[in-house]
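Presented below is the structure to which this report refers.
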2 protein chains.
Amino acid sequence: MTELIRLLTRAQKLLRTASDDAMSRHGVRVGQNLVLEVLWETDGLTPGELASRLHVTTPTVVNTATRMESAGLLVRRRDPADGRLVRLYLTPKAQAARQPIEEARRRLAEHATATLTDDERRHMRSALEKIIKRMTESPPDLGDA
Amino acid sequence: MTELIRLLTRAQKLLRTASDDAMSRHGVRVGQNLVLEVLWETDGLTPGELASRLHVTTPTVVNTATRMESAGLLVRRRDPADGRLVRLYLTPKAQAARQPIEEARRRLAEHATATLTDDERRHMRSALEKIIKRMTESPPDLGDA
DNA sequence: TACGAATCGTTTGCATGCTAATGACTCTGT
DNA sequence: ACAGAGTCATTAGCATGCAAACGATTCGTA
């Protein structure tokens, strides 16, 4: 089964690279795009909220947010009700980039999966869901050591 | 189809993290493990050869090799016939780590895919191969810009 | 044979991830 | 009301990837 995982890793890397290339044409890197996708739907989230939705750590979001702030894509604002919280708000520049970026992402996904049959899509989806469920719920049993 | 790709990304990340955890118990990080797997089969490759086999860039291999050299896993040796080349040779320490690491990797793969049906494995494999083929052969068509 | 082009590895600087340590603020219990 | 505990964001340091610039060696050709 290690071969299956090798294929999964390779495919994901190719997709990530292609995505980064596509996003770069719109002045956004691949990691920043993930932040945008969430904030386009729900603006004004905190770094911690964003981190849990993206399945990354808070420091990762903080660093990405800092780069995005330098790039003029978002602004930080302290929460008036709770001084520990910072809220991230998209700028008009980030709002304006929404349509072309979403379109580019959609096109890339269509392109990558264009040759798959319905059976392949269906079974790949259920297989991936099972793997995710397994990895999040069941202890991977890391031998002795 | 963007949902399918999201699942693929999520699954791959979970697998990579679990792999890094498992490898760390043997004093090796996930990126270094990939180098080991190739050199266990073919010792004495150059950074460039290694890079093309691993689908990464040469600087990535050079940096990883430097860390592995510090960790006592390999040594650099100049090629006597061609002074431009550097060859990477595994130390006894790296050779000794082979069995436990390969075993850990195999167990992790079995665990992650344990609940998949034969249909899911088969179709997922062919779907991934198609995606890889598509991304390596066909131009992703990055709109205008 | 000697010089320019090609081929390598390395260095540098960046983006994206992590963990651990730090600092600021809020909340709880007495 | 206030001290300690808990909750945030941030900073620092590392690993893994990339591209671009650089340096050393070899090859091809005039």
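What you are looking at is a predicted structure, and each value in this text was computed from that prediction instead of being measured.
C/dC14 atom C1' lies 17 Å from atom CE of A/M68, rounded to whole Å. Rounding to whole angstrom units, CZ of residue A/R29 and C1' of C/dG13 are separated by 12 Å. What separates CG of A/L54 from C1' of C/dC18 is a distance of 15 Å, to the nearest Å. Distance, B/N33 CG to D/dT16 P: 10 Å, rounded to whole Å.
A side-chain contact (heavy atoms from CB on, under 4.5 Å) with B/L8 is found for one member of A/T113, A/I132, A/L128 and no other, namely A/L128.
Within residues 35-52 of chain B, the residues having any heavy atom closer than 4.0 Å to DNA chain C are, in order of number, B/T46, B/P47, B/G48.
There is a side-chain donor-acceptor pair under 3.5 Å between B/T66 and B/R76.
In this view, A/R105 and A/E37 satisfy the salt bridge (Lys or Arg N to Asp or Glu O under 4.0 Å) rule, not counting sequence neighbours.
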inquiry  = Counting primed atoms plus P, OP1 and OP2 as sugar-phosphate and everything else as base, spell out the protein contacts along nucleotides 17-28 of chain D at 4.0 Å heavy-atom distance: B, S or - for each nucleotide, 5' to 3'.
reply    = BBBB----BS--
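The shortest heavy-atom contact between B/K93 and B/A71 is NZ-O, 2.9 Å.
No engagement by B/V61 is indicated, since no non-hydrogen atom pair under 4.0 Å with the nucleic acid exists. Note on B/R76: only backbone sugar-phosphate atoms sit closer than 4.0 angstrom, heavy atoms only; bases stay farther off.
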ask   = Checking salt bridge (Lys or Arg N to Asp or Glu O under 4.0 Å) for the pair A/R106/A/E103: CA distance, chi angles, key distance, verdict?
value = CA-CA 5 Å; A/R106 192 191 61 71; A/E103 171 63 14; 3.2 Å; yes
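Counting only distance, with no hydrogens or angles, the side chain of A/T46 and the backbone of A/R87 share no donor-acceptor pair below 3.5 Å.
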